[in-house]
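To keep things clear, I will list the structure first and then write my remarks on it.
Proteins get letters first, then strands, A, B, ... in listed order; numbering begins at 1 in each. Atoms considered below: every heavy atom in the structure, side chains included; atoms not considered: hydrogens, waters and symmetry mates. What you see is a predicted model; the values in this text were computed from it and never measured.
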Protein chains: 2
Amino acid sequence: MSAAVPIPARAMAEIGIESRPGHLIRRCHQIAVALFLDHCAASDLTPMQYALLKAAARHPGADQITLAGHAAIDRSNAARLAAGLEARGLLRRAVDPADRRARRLTLTMAGAALLGDAEAAVQAVQDDLLAPLAAEERVIFLAALRKIADHHNHASRAPLLPPRPPNTGRMSSGIKGRRVLF
Amino acid sequence: MSAAVPIPARAMAEIGIESRPGHLIRRCHQIAVALFLDHCAASDLTPMQYALLKAAARHPGADQITLAGHAAIDRSNAARLAAGLEARGLLRRAVDPADRRARRLTLTMAGAALLGDAEAAVQAVQDDLLAPLAAEERVIFLAALRKIADHHNHASRAPLLPPRPPNTGRMSSGIKGRRVLF
DNA sequence: GCCAAATAATCCCTGTGCTGATTATTTTGC
DNA sequence: GCAAAATAATCAGCACAGGGATTATTTGGC
C-alpha cells in the first residue's frame, strides 16, 4: 500500500536474494560457526564461549557487563554463558565486595589451559575461512568488515565494545584514568 | 596441553578477538539483522521470513526442501517458518497430488503484496549496511563474501542452495549451462 | 536516615540454526 | 505384490541472540 514511491521495485525484486550482502553475511556466519565447532570440537567450545573466555583472560576481574561489551555479547547471553562456563569449572564468578551487585569473572587454571589449547584451532578456523581469498583480498575484506561493524556499532542490538584505543586525546573529561586497554 | 605444535600461540593470543574474521562476521551479521528488523518493522518480517517468501515468489509451487535450499535455510527451520507464514495468510501450503509427502508452497495475494511493499525497505537495508564502503570496496567485499560462501558451501550446516536451474534436464555433465547469475 | 533513581545480574519469552528421531508416503528390490 | 530403502515433512531438544521485566544492591536527592 501507499506505494507512492517512484522506485523501480520490479527491478530490485529480480536481483535475487543470493547476491544481497545481508544474505551473504548470514551464510558466511553460518559457515564460520560450523568451521569453529568442527575445529574446536576437542575443547568443546562454541564461538561465544570462546569469546567470553578470551575477554575474561584479557580483563581479569572485570564484571560481566564489561566483558560482554568487549566480546560484543548482550548481557542476557553473557549471564547464561558465564553460568555454563562456571559450571564447567572454566570461570570463577566472585561477588565484588565493593559492589555486591557485580560479579567479577576470572579464568580458572582449567579455563586458561583450555583457552591456550584452543588457540591453534581457532587460528586454523580463521585461515580456513579466508582460504578462498588472495592475500590482498583478505586485507580489503577485513577492513571492510571492520568499517561496517564500527560504523553501525550503535545500531547493533548487541552492545558495542569500547572499541578503539580509548586514549582519545583527552579522555573523558577529567579522568586521568588509565583505561585498561589490554 | 600436548602443545607439541611449534606454533607461537603466545603471539596469536595477543591478536585480540576483535580483529578476527569470524568475530567481525558475527558482528556484521548482528548488525544486518538489526537493520533489517528496523527497516522492515512495517511489514513485520524477519530476514528468514523474507528469504523464504522471496524464494516462494521466485519458484512458485516448489516444495519446502527445494525452497529451503534456495534460501539457504535448513529444512526444520523452513517448516517452522512456513507454518508461521501460512498462519499469517502469506503463504499457502498445498499437498502435492503427485507426491503426497510434499507440500507445494505458493504466495497468497497478501504475501505477494507484503513482499512487494517490503522490497524498498530491504534494499534500503543493503544500502545502509554498505554505506561506509566506497564503490570499489563494495565490489571486492561482495565478491569476497561470495567466494567464502561458495567455497565452504559444503561445510555449512545450513544446506546449500542448488545454484543450478531446476530443469536439470541433463545438462549436468557437459553443461553449457546458463548459470542464472543475474 | 529514607525514599527514589540507577545499575548488575537474572529470568522469561520469542526467534534462529542445527541435529536427530519420527511419521507418512513413495520408490525399489526381490 | 510386498517388505525394505529413500524421502518430505514434522517434532523434540539444544545452543545462540536479543528484548523486556524483575530482583538485589548501590547511589543520589531531600
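Residue pairs satisfying the salt bridge (charged side-chain N to carboxylate O under 4.0 Å, His left out) criterion with at least one member in residues 77-87 of chain B, sequence neighbours excluded, are listed as follows: B:Glu86-B:Arg93.
A:His29 has its NE2 atom 13 Å from the C1' atom of D:dG18, to the nearest Å.
Considering only residues two or more places apart in sequence or on other chains, B:Asp127 meets the salt bridge (Lys or Arg N to Asp or Glu O under 4.0 Å) condition with none of them. Checked against salt bridge (Lys or Arg N to Asp or Glu O under 4.0 Å), B:Arg101 has the following partners two or more places apart in sequence or in another chain: B:Asp99. For B:Arg100, there are no salt bridge (Lys or Arg N to Asp or Glu O under 4.0 Å) partners two or more places apart in sequence or in a different chain. A:Asp96 pairs by the salt bridge (Lys or Arg N to Asp or Glu O under 4.0 Å) definition with A:Arg104, not counting sequence neighbours.
In this structure, the nucleotide among C:dC18, D:dG18, C:dA9 sitting nearest to the side chain of B:Gln30 is D:dG18. You'll find that the side chain of A:Arg93 is closest to C:dT10, out of C:dT10, D:dA9, D:dG18.
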Under 3.5 Å between N/O atoms: give me all the protein pairs with nucleotides 24-26 of chain C, atom names plus distance.
unit_1	atom_1	unit_2	atom_2	d
C:dT25	OP1	B:Arg100	NH2	3.1
C:dT25	O2	B:Arg101	NH1	3.4
C:dT26	OP1	B:Arg100	N	3.1

Heteroatom pairs (N/O) under 3.5 angstrom, protein to nucleotides 11-15 of chain C:
unit_1	atom_1	unit_2	atom_2	d
C:dC11	N4	A:Ser76	OG	2.6

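Under the 3.5 Å distance criterion, the side-chain polar atoms of B:Thr108 are matched with a main-chain donor or acceptor of B:Leu90.
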Can you give me every donor-acceptor pair (side chain of residues 41-48 of chain B, partner residue at least two apart or in another chain, under 3.5 Å) with its distance?
unit_1	atom_1	unit_2	atom_2	d
B:Thr46	OG1	B:Gln49	N	3.2
B:Thr46	OG1	B:Gln49	OE1	3.4

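Hydrophobic cluster membership for A:Val139: none, as no Ile, Leu, Val, Met, Phe, Trp or Tyr side chain comes under 4.5 Å of it.
Using a 4.0 Å cut-off, no side-chain N or O of A:Asn77 falls inside it from OP1 or OP2 of D:dC16.
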